[in-house]
There are 2 protein chains.
Amino acid sequence: MAPGSPPTMRSVARLAGVSMMTVSRVLTDPEMVAEETRGRVHDAIAKLGYVPHRGASSLRSGRTGFIAAVLPTLVNANFADTAHGITGTLRARGYQLVVGYTLYRLDEEERQVHSLLARRPEAIVVAGTVHTRETTRALLDSRLPIVEIWDLPQHPLDRAVGFSNHEAGRAAARFLLSLGHRRIAAIGPSAEGPARDHRGEARVAGFRAALEEAGLGGDVAVQPCPPPMSFTEGAVAMAELLRRMPDIEAVFAVSDLVAFGAMMECRRRGVDVPGRVSILGFGDFELGRQSVPTLSTVRIDAYAIGERAAQVIVEALGRDAPQGPEGRIVDLGFRIEPRESTRARAPQERHLG
Amino acid sequence: MAPGSPPTMRSVARLAGVSMMTVSRVLTDPEMVAEETRGRVHDAIAKLGYVPHRGASSLRSGRTGFIAAVLPTLVNANFADTAHGITGTLRARGYQLVVGYTLYRLDEEERQVHSLLARRPEAIVVAGTVHTRETTRALLDSRLPIVEIWDLPQHPLDRAVGFSNHEAGRAAARFLLSLGHRRIAAIGPSAEGPARDHRGEARVAGFRAALEEAGLGGDVAVQPCPPPMSFTEGAVAMAELLRRMPDIEAVFAVSDLVAFGAMMECRRRGVDVPGRVSILGFGDFELGRQSVPTLSTVRIDAYAIGERAAQVIVEALGRDAPQGPEGRIVDLGFRIEPRESTRARAPQERHLG
DNA sequence: CTGAAAGCGCTTACAG
DNA sequence: CTGAAAGCGCTTACAG
């Protein structure tokens, strides 16, 4: 093995006594090469410890084998699940995922999209449907298959895989209303500052809309916290909510992590869940299935979003890509999963309204 | 903009009326180009929506700007934190992280290392110190800076950043012993099957060693579960432990997630924590700081591991790389963090031994 | 079944 | 301050 630079295809060819083309064929289409020749090439590869230079082959072939993904963070089991879902499907087909984190910032998303695009991915997956004008332009100019995930845009840039956050929020509100609750609040992302969770905001907006439809607009309190929201933010927001609305009956939290934090705050204060307050989370994190009480939630399948996005990419990269608007949006839906943290109010407790 | 293929540096040069070299300089060393010329080039870039082709530039310059990381999974806040720690430091220096997941399998690690190496990263970070012979060979043959993280090998392949899992396990045992517990068990990874958590196994081994030093070897029960371990595995293991050792006094769980699952199982069974059983976790996940009761844990700093690994890489890629064995191993240590889930046994409860 | 030539899109190493 | 030539390590497109 050369002491300096790593072995090249040329060095393998030389050692095996064949041309570079033959080495190349052994690597990409072995059947095409005589068995005896193939053996010599394999021996040379092993002897030199040759690792093909994917960047060089990409340059000539025009196929990098990269799929780019732009996600807010991976320190969130939901997005990590989605990333695994993408990888699981793509790995078998020889693609590699390059991920960029935005930390919930659109300006950072723009930067990530730019540096990801410079790697010439064959498709790009991006969380959310809200982007800067420049991000949108860059994405569109790339002429790559684009899959927006985790929400359902009216007009996708290209394709989309997800569910309606707005509808999920509405469903959450209707569920709590159906339990007889009237003093209801939400814990959601603040709509200010550089870090924004637009999908969480959509859920809260849908939640608010449903309560207003029910004539309860005035009673909706939304406790905002800056993304990324987790346990601590949920606990802090719940404390504030209990102060502002001592008679609060139900809370919808923008994620199960936030809901869990809120639930723990209740326990610390001796507020019984679901006896006094019902808490509904979102996302169906494993945590909520194991906690005591178990957490009622809006179930979505984060892994499936990734898996489906990957399938959409494979399809788009194939010849039979759908051209019309149909089939370009995949709605994976959501489902209310009632568990122990929510409970119907007893009839005598119910309000007149 | 060309309808077919994306704009190239050549097309930018043509439009700006300069040579490709000038365009290249505007991109990499703008100071070198006359302001007026630079302006024309920037206009052409904007007009065409030109995105430099990083793969092509890498091929010629020999610098890909990739750093590879091989981690078990990202669906674990600890490893996701480490990934963020690496990115945080590297992003500013223009590096991009390419991650491969092993799903706790050494054969998958081998595959990932191979396909990652084909991307010609400038350095490689790999979780753990146990690798297949072939992985070790490929890593060493690459002559790249290698940083093994999340443990401290006796003889690192190159460099290492982490802490001693074995010592952490011993410290866990000594802590529970110091509280007066004698009927002690551990919940750890099973050492069979294709998926293995070698770092978790090391913690359990250290735990067992400390108990044996204390003459309590006979009392150690280890409840194994296949990785990745989380809430459910912890709950199942705790149920089994309570069946096997009804008089159990303390449990060390290989991670906070497992510990939380165990704690919830205790609550479901009316077993008071820490009243009847003390539970000690590992990893200092945010969950443990918010749960009720809060979870005593062995605190390690996952983000710092990533951050430090990135610094080590930057240093190794620089000229002043340390050559001797000194400075090649960074021990970030750990610390027992007693919280509410562990409690000392009252004197009258204590065993004679 | 195998190979010689050309070129993917940039940057290096010169030269002026 | 700017440019012409060569080449990074492969694969395409031929040819035999």
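Throughout, protein chains are lettered first and strands after them, A, B, ... in sequence-line order, and every chain is numbered starting at 1.
- Applying the 4.0 Å criterion to OP1 and OP2 of C:dG9, one finds that B:T8 has every side-chain N and O outside that range.
- Between the CZ atom of A:R10 and the P atom of D:dC10 there is a distance of 9 Å, rounded to whole Å.
- Contacts between residues 26-39 of chain B and DNA chain C, counted as heavy-atom distances below 4.0 Å, involve B:T28.
- Residue pairs meeting the salt bridge (charged side-chain N to carboxylate O under 4.0 Å, His left out) criterion with at least one member in residues 114-130 of chain B, sequence neighbours excluded: B:R63-B:E122.
- Rounded to whole Å, the distance from CE on A:M20 to P on C:dA6 is 15 Å.
- Here the P atom of nucleotide C:dG9 and the CZ atom of A:R119 are 17 Å apart, to the nearest Å.
- Between the side chains of B:H53 and B:T8, no donor-acceptor pair is found at a separation under 3.5 Å.
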Can you run through DNA chain C from 5' to 3' and write each base as (, ), [, ], | or . depending on how it pairs? Watson-Crick or G-U wobble, both distances under 3.5 Å. |||.||||||||.|||
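- Across the protein-nucleic acid pair, B:R63 atom CZ and D:dG9 atom P stand 16 Å apart, rounded to whole Å.
- What separates CZ of A:R40 from C1' of C:dG3 is a distance of 14 Å, to the nearest Å.
- Screening residues 13-34 of chain A for salt bridge (charged side-chain N to carboxylate O under 4.0 Å, His left out), with sequence neighbours left out, gives no hits.
- Closest to the side chain of A:S19, out of C:dC10, C:dA4, D:dG3, is C:dA4.
- When the salt bridge (Lys or Arg N to Asp or Glu O under 4.0 Å) test is applied to A:D151, no partner is found at least two apart in sequence or on another chain.
- In this structure, the salt bridge (Lys or Arg N to Asp or Glu O under 4.0 Å) partners of A:R40, at least two apart in sequence or on a different chain, are A:E36.
- Annotation: side chain to side chain contact (heavy atoms under 4.5 Å, CB included) contacts of A:I313 (sequence neighbours excluded): A:I67, A:A123, A:V125, A:V147, A:L317.
- With sequence neighbours excluded, the residues forming a side chain to side chain contact (heavy atoms under 4.5 Å, CB included) with A:A118 are B:V51, B:R54, listed by chain and number.
- Scored by the side chain to side chain contact (heavy atoms under 4.5 Å, CB included) test, B:D107 finds B:R105, B:R111 as partners (sequence neighbours excluded).
- The distance between atom CG of B:L59 and atom P of D:dG7, rounded to the nearest whole Å, is 14 Å.
- Annotation: side chain of B:L103 is not in contact with side chain of B:P72 (no heavy-atom distance under 4.5 Å).
- The CZ-P distance, from B:R14 to D:dA4, rounds to 13 Å in whole Å.
- The side chain of A:Y50 places no N or O atom within less than 4.0 Å of a non-bridging phosphate oxygen (OP1 or OP2) of D:dG9.
- Under 3.5 Å, the side chains of A:S115 and B:Q96 contain a donor-acceptor pair of N or O atoms.
- With sequence neighbours excluded, the residues forming a side chain to side chain contact (heavy atoms under 4.5 Å, CB included) with B:E110 are B:H114, B:T132, B:E134, B:T135, listed by chain and number.
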Please list each protein N or O that sits under 3.5 Å from an N or O in nucleotides 12-16 of chain C, with the distance.
from	atom 1	to	atom 2	distance (Å)
C:dT12	O4'	B:R60	NH2	3.4

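- Computed from coordinates, the B:M9 CE to D:dT2 P distance equals 15 Å when rounded to whole Å.
- When each of A:S58 and B:T22 is assigned the nucleotide of DNA chain D bearing its nearest heavy atom, the one mapping closer to the 5' terminus is B:T22.
- Residues in residues 81-99 of chain A take part in these salt bridge (charged side-chain N to carboxylate O under 4.0 Å, His left out) pairs, two or more places apart or across chains: A:R91-B:E108.
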